[in-house]
Amino acid sequence: MDKYDVIVIGGGHAGVEAAEACSRFGVKTLLITHDKSKIGEMSCNPAIGGIGKSHLAKEVDALGGLMAKATDKAGIHYRVLNSAKGQAVRATRVQTDRELYKTAIQKFLSSSPNLKIKEGSVVDLDIKNSAIQSVLTERGEKIFSNSVILTTGTFLGGVMHTGLEQSSGGRTGDPSSDKLAQKLRGLNLKVGRLKTGTPPRLDKHSIDWSLLSPQPGDTPTPLLSYTSQASERPAQLNCYMTRTNPKTHQVILNHLDKSPMYSGVIEGVGPRYCPSIEDKVMRFAERDSHQIFAEPEGLNSDLIYPNGISTSLPLKAQKELIKSIRGFENAKIVRPGYAIEYDFFDPTGLKHSLETKAISGLFFAGQINGTTGYEEAAAQGIMAGINASLLVTNQEAFELQRDEAYIGVLIDDLVSLGTKEPYRMFTSRAEYRLILREDNADMRLTEKGRKLGIVSDLLWQKYQDKKNATTKEMLRLKKDKLKPNSPAAKKIKKQTGEDISKNISLFEMLKRPKVLHSHLPQGEIILAPNAVDEIEASVKYEGYIKRQKIDIERLQKNENTPIPEHIDYEKVVGLSNEAKQKLSEARPGSLARASRLPGVTPAAISLLMIYLKKERRAVG
């Protein structure tokens, strides 16, 4: 009998992290994918990170995941966004070489113990007594497992649209999973349709680069992973910028009746924060131009990704659109842009472990849960992999709270609130973003990962080295003083304009907005850049961080008040019908989670709290 502890279906960013997490956990794992050569494929833009997204990539890395490590082996253009702002909203964005990234991911997986990769298509799931038993492939193979993770991306019932032409597929050149989609639609799960899209790819030799503005990467060049070395990075390239113009917008308006989004052919909702160029022109009619970033797809690739003009217009219209843009007048379209519509399942039907409430042992991760983006998928993948492994080893689920990680915010938003449009992570979604920074993901999560047994010795050593170095440096900053008129004080005054009128500790000096750690007298310890970032953030935000921690302690009083799984909300006197309905559907595990449900008011939480206290007294 062919049996595995965990089966992962899908070799995209969620599936890769899920399978690798299971492998590191030590359980017998099978990854099933259409095409082994496509594992780790970047279906849209070959870029990782950005606002909110790099926080997720760093957190996956802090738990031992692959995304950031593969990015550093493939990164050809690094930029720190919001670099002039505080650390809480800074983010790293990396343009990668598409082939190098995929190669790095596949190499990591090839050396993973306990992991077998199988080519094939899953067409059916065997479910008995509301529990997963096995999966069936298109070849008729029955493979048994009591823990299955679905990471199907845009492949479930995927339909691609270019103008009014349609074709079945999960992305260009790959078939959709129609039989599996039919099976899932027949289960006790709420299904919906979403849409995403991609721009046309251009031949780099047909672009007049002299008419575009170069956008160099940052120097010194950062790294995304906590364990990467600068020597692992490939050569760096520039990106370039141009803009649409009124002529471009008129081309779009002229062909809008042939857009599947505006002609009613596509029913799925598209991503609000990554709209097509048709959406931009319609929604922001007052603007006469929009930015386009011409981004290379690789060191040896002839393809350019024109970021900012995702479209599903007919090919003829796409050609007109491209030729209207400065620098693209003679540009050749190698592959047209298209929209893709696919099935997703209401994530309120999931537990916080990402296991479905309706079917024991069945986990969902990635775009099947209504998210968009590689980083969101990877974050869900690693958590689903951890929890599927914990389930088969009879251990409690691993959850991250909103004050612990952006991953916690992501999953709690999905499970508590659901989504009607592709969900994308932003720093603004995290109420505790002062303590959930890019620079301290390892300080927040690596110890948790080590306890689970999924953090490598190298990452653990890096974490300990950084922790020891930052602790010693913080002590030095509090101990060492600056004296008025000393050479160090005069140097700081010259660099920052900050005057020192009395003895002051380096710690207090660093609190001043204009003063950076590099302005202060340096100690014996050589600090890594991310350690410096953490020190600066900890010092400058000290008062705000203390306040946030008080808020978190208050929240945890409610977070730690459990709600029995089988509570009858009809018995809670005073609850509105809407609150009863929302609570009955979501079945939140705690008062804090109940409070985040739409339609559940503070008054409803108070009534629920009183009811739970009475019940506890009656029992005890």
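Only a predicted model underlies this, so the values are computations on that prediction, with no experimental measurement involved.
A 4.5 Å side-chain heavy-atom check between P222 and V80 finds at least one atom pair inside the cut-off. In this structure the side chain of F363 reaches within 4.5 angstrom of the side chain of S353, judged on heavy atoms. Taking the side chain as every heavy atom from C-beta outward, T348 and L414 never approach each other to under 4.5 Å.
D208 and R326 are not joined by a salt bridge, as no carboxylate oxygen comes within less than 4.0 angstrom of a charged side-chain nitrogen. For the pair D343 and R193, the salt-bridge criterion is met [side-chain N within less than 4.0 Å of a carboxylate O]. The pair R233-D72 fails the salt-bridge criterion, with no side-chain N (NZ, NE, NH1 or NH2) lying under 4.0 Å from an Asp/Glu carboxylate O. Between E141 and K118 a salt bridge is recorded (basic side-chain N to carboxylate O distance below 4.0 Å). Using a cutoff of 4.0 Å between basic side-chain nitrogens and carboxylate oxygens, E297 and R201 are scored as salt-bridged. Note on R283 versus E278: no salt bridge recorded, every NZ/NE/NH1/NH2 to OD/OE distance being 4.0 Å or above.
For K38, the NZ atom is densely surrounded, since the number of other residues' heavy atoms within 6.0 Å is greater than 12. Atom NZ of K332 has 12 or fewer neighbouring heavy atoms from other residues, nucleotides or ligands inside a 6.0 Å radius.
Checked by atom type, the side-chain pair Q95/R79 shows no donor-acceptor distance below 3.5 Å. Side-chain contact of Q250 with N254: a donor-acceptor pair under 3.5 Å is present, judged by distance alone. Between the side chains of D174 and H34, no donor-acceptor pair of N or O atoms lies under 3.5 Å. Between Q215 and N238, the side chains place no donor N or O within less than 3.5 Å of an acceptor N or O (distance only, hydrogens not considered). D288 and H249 share no side-chain donor-acceptor pair at under 3.5 Å. A side-chain donor from one of S112 and E20 sits under 3.5 Å from a side-chain acceptor of the other.
Using a distance-only test at 3.5 Å, with no hydrogens or angles considered, no donor-acceptor pair links the side chain of D346 to the main chain of G349. Although no hydrogens or angles enter the test, the distance criterion places a donor-acceptor pair under 3.5 Å between the side chain of S310 and the main chain of T198. Of the possible donor and acceptor atoms, none in the side chain of E165 sits under 3.5 Å from a partner among the backbone N and O of G163.
Note: T71 OG1 to L100 CG = 11.5 Å, rounded to the nearest 0.5 Å. One distance of note links CG of N387 with CD1 of I149; it measures 9.0 Å at 0.5 Å rounding. A distance of 6.0 Å separates CG in L109 from CG in L66, rounded to the nearest 0.5 Å. Between atom NZ of residue K73 and atom OG of residue S225 there is a gap of 9.5 Å, rounded to the nearest 0.5 Å.
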Q: Could you check Q236 against T221 for side chain to side chain donor-acceptor pair (under 3.5 Å), going step by step and ending with a plain yes or no?
A: CA-CA 9 Å; Q236 299 296 291; T221 307; 4.8 Å; no
**Q.** side-chain contact (heavy atoms from CB on, under 4.5 Å) assessment of E376 paired with Q380
**A.** CA-CA 6 Å; E376 289 87 347; Q380 294 170 75; 4.3 Å; yes
**Q.** Derivation and outcome, side-chain contact (heavy atoms from CB on, under 4.5 Å), residues Q318 and I333
**A.** CA-CA 8 Å; Q318 291 187 35; I333 294 178; 3.9 Å; yes
Q | From CA spacing to verdict: salt bridge (charged side-chain N to carboxylate O under 4.0 Å, His left out), E295, R93 | A | CA-CA 12 Å; E295 300 171 337; R93 184 184 185 278; 3.2 Å; yes
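Annotation for Y342 and Q367: closest pair OH-NE2, 3.7 Å, computed over non-hydrogen atoms. Heavy atoms only, all atoms of each residue included: R402 and R429 are closest at NH2-O, 3.4 Å.
Checked against the 6.0 Å centroid criterion, the rings of F345 and F364 qualify as a close aromatic pair.
Y406 does not carry R433 over the face of its six-membered ring by the limits of under 6.0 Å from the centre and within 45° of the normal. K58 forms a cation-pi arrangement with Y226, by the criterion of a distance under 6.0 Å to the ring centre and an angle within 45° of the ring axis.
The side chain to side chain contact (heavy atoms under 4.5 Å, CB included) search around N82 returns I51, K85, V89, not counting sequence neighbours.
Looking at H161, M160, Q166 one by one, the single match for side-chain contact (heavy atoms from CB on, under 4.5 Å) with E341 turns out to be H161.
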